[in-house]
Amino acid sequence: MYIIPNGDDFVENIKTAYRSHTCGELRMAQVGQSVTLAGFLENFREVGAGLGFAVLRDFYGTTQVVCETEEMVKTFKAINKESTVQVTGTVRERDSKNPKLPTGDIEVVPTAVAVLGKCRHNELPFPVNRSREADEAARLKYRYLDLRNPDVKKNILLRAQVVAALRASMIDHGFLEITTPILTASSPEGARDYLVPSRKHPGKFYALPQAPQQFKQLLMASGFDKYFQIAPCFRDEDARGDRSPGEFYQLDREMAFAGQEDVFAVLEDVLPPVFAKYGAYDTASSAPFVRIPYAESMEKYGSDKPDLRIDLTVSDATGLLSDCGFEPFAGNTVKAVVVSDFAGTRKQIDKLCADVEVQAGNKAYWFRLDENGELVGGISKFLQEKKEAVIDALSLTPGCFVGLSAGKLGAAQKTAGVLVKTMGAFCPNHFKKEQYAFCWIVDFPMYEIGEESGALEFCHNPFSMPSGGLEVLKKAANGAVDPLTITADQYDLVCNGVELSSGAVRNHDPEIMVEAFQLVGLGEEDVKAKFPAMYNAFTYGAPPHAGIAPGVDRMVMLLAGEDSIREIIPFPMNKNAQDLMMDAPGVVTQAQLDELHIRVTETEE
RNA sequence: GGCGCGGUAGUUCAGUUGGUUAGAAUGCCGGCCUGUCACGCCGGAGGUCGUGGGUUCAAGUCCCAUCCGCGUCGCCA
């Protein structure tokens, strides 16, 4: 048994052709034994004419090797750092122990040293043990050196453990792991596809799946009951700090003869133990997670992904402030975020409001009720006449800060939501950071008026079952029901303000599908053309089914407490969707292009 | 595609109002050091100041263009 870097116990025989023990393994119990270690030469410290200390690092840890002869010192001095080295010697108790190291009680006195893989570079692109401080492009290009850093490697290890735990739990819950095709058909909905040219079919293309959406629904139609997959998904969209370009992984799930609560119950059972065990914080919400209807979430938190660790909420101040004489409020929706016991300075307030404006794209306004009960600062001069009403309506107490937003409903809500998160991040007394706070956002609208088209469009995805089914769609078609009020049995799982996953009760009935499409001006032919396999399959009878797909990368990111998605991906691409290490995308030979029937034209810059 | 920040030694950074030979730390090379663990001390080497153009007696510094990196908005059923 030995200890792997994050403290989990493994039982395994780690003796290999090149070593008897790992570099993280030796303790006082092995003193006196002859051992062989193999690892990377992390450092060599020469502290005297015939005394030096080498540090050997492998996956499991580091061990000190002590050189007590001039010859041995010379041997190690001649080896470039980061070379792989095999050391045979005797384990000895240290004269001066290092309590900071698991192996700090012992050292190895070498009798034989062999270089297994020579590092040809005596200057590295960055110091391995401080690679996180290096330029990110260099880290990505030399990712194999970056990953030697235990502080970088630990996130990849965490990812492996989280995936293993999720997989075990899913199997435990009766789910069957089924892989679905990577080379498949382009889907007309959603994100931009990655296309793969077909050699055998000139001019035709495969697409990499944006998600196994249709396949998992077809599995339900095929009679499988509970499916899951750690599924690679491909979308050709621009990157973000929390969104890798190109590809990512989902814990994809689907259940037959099941509804929303069945899907919730499984994740509420699967996720909290994983988060509590592997997360940076010990506390995770337990079942049932709070359910918040979409409309309520937008009104109360100004976001469809609220961070429930923040105890601030949005109040409506439209009637109260829209006629206070402050021009930007006139005729607009006005939202207020009241922050009690606010201790920020004037300068900090300006900075906070500027941050909100940058993020929300809308101006934020403010005033305070000072310790003497006076309205001061910001736009307070417009409020003096209705001071008592304002204090009463917003339940202000001395020391309160009030952040404000104004505009059309959506813009005012969104800006207020940014205010909530910004003020929360600034005020520790309103932000209980050390926990994982989950919630379900439910009852998403089925339709919306498209900003560009001005016409009715699907709000999220057309696969979702409208609440009320065929009946409500028919009423909407007759004009008896406003289609904008129709909600879908669709849900998001949100944790700490991060959208972890989207899911839905699917529309498994071809008749309802067609009706749903007709509301946005499409018909049966469009459904058949867009989703032929699913539509056909459903005409042979499909079980009602529902599912969800939490993003593995984002989950690991939350658990690791990292702000960049690249820190939890073994070989990430940069912002421009390039793999700097592999030099991808790259040019290919003319012969390859010919075989694929592709002619590359001059690209326009 | 828009906006913001950045690019100076192998690495991380400083560089004033445009003004002498562009600095520091770390790493590297050499020397000293017998218990270090970010070892310490002494010395040395190391620069296309992202690239191109311009203004100027003089540009790392000012102007224009461009490339690259990160963040953010658009985008992500």
Under-3.5 Å donor-acceptor pair between [X] side chain and [N] base:
| X | N | value |
| --- | --- | --- |
| Arg243(A) | C76(B) | yes |
| Arg94(A) | U36(B) | yes |
| Arg92(A) | G35(B) | yes |
| Glu68(A) | U34(B) | no |

On the nucleotide [N], are OP1 or OP2 found under 4.0 Å from the side-chain N or O atoms that [X] carries?
| X | N | result |
| --- | --- | --- |
| Arg45(A) | G35(B) | no |
| Arg566(A) | G69(B) | no |
| Asn122(A) | C28(B) | no |
| Gln578(A) | C68(B) | no |
| Asn43(A) | C37(B) | no |

Q | Gly48(A) vs Asp238(A), nearer the 5' end of RNA chain B by closest nucleotide | A | Gly48(A)
Q | Pairing residues for Phe538(A) by the ring-ring contact (aromatic ring centres under 6.0 Å, His included) criterion, not counting sequence neighbours | A | His545(A)
Q) Does a sphere of radius 6.0 Å around OH in Tyr249(A) hold more than 12 heavy atoms from other residues, nucleotides or ligands, not counting ones at 6.0 Å or beyond? A) no
Q) Which part of the nucleic acid does Glu499(A) contact within heavy-atom distance under 4.0 Å: base, sugar-phosphate only, or nothing? A) nothing
Q | Set of salt bridge (Lys or Arg N to Asp or Glu O under 4.0 Å) partners for Glu448(A), sequence neighbours left out | A | none
Q | Between C70(B) (C1') and Glu562(A) (CD): distance, integer Å | A | 16 Å
Q) Any side-chain donor paired with an acceptor under 3.5 Å for Ser83(A) and Asn80(A)? A) no
Between N or O atoms, less than 3.5 Å apart, protein on one side and nucleotides 30-32 of chain B on the other: list the pairs.
none

What pairs of nitrogen or oxygen atoms, one from the protein and one from nucleotides 3-10 of chain B, lie under 3.5 Å apart?
{"unit_1": "G10(B)", "atom_1": "O2'", "unit_2": "Leu124(A)", "atom_2": "O", "d": "2.9"}

Q) Which residue pairs pass the side chain to side chain donor-acceptor pair (under 3.5 Å) test with at least one member in residues 43-59 of chain A, sequence neighbours excluded? A) Glu42(A)-Arg57(A), Asn43(A)-Lys81(A), Arg45(A)-Gln64(A), Glu46(A)-Lys77(A), Arg57(A)-Glu82(A)
Q: Could I get the full list of side-chain contact (heavy atoms from CB on, under 4.5 Å) partners for Asn149(A), not counting sequence neighbours?
A: Val128(A), Ser131(A), Arg132(A), Asp151(A), Val152(A)
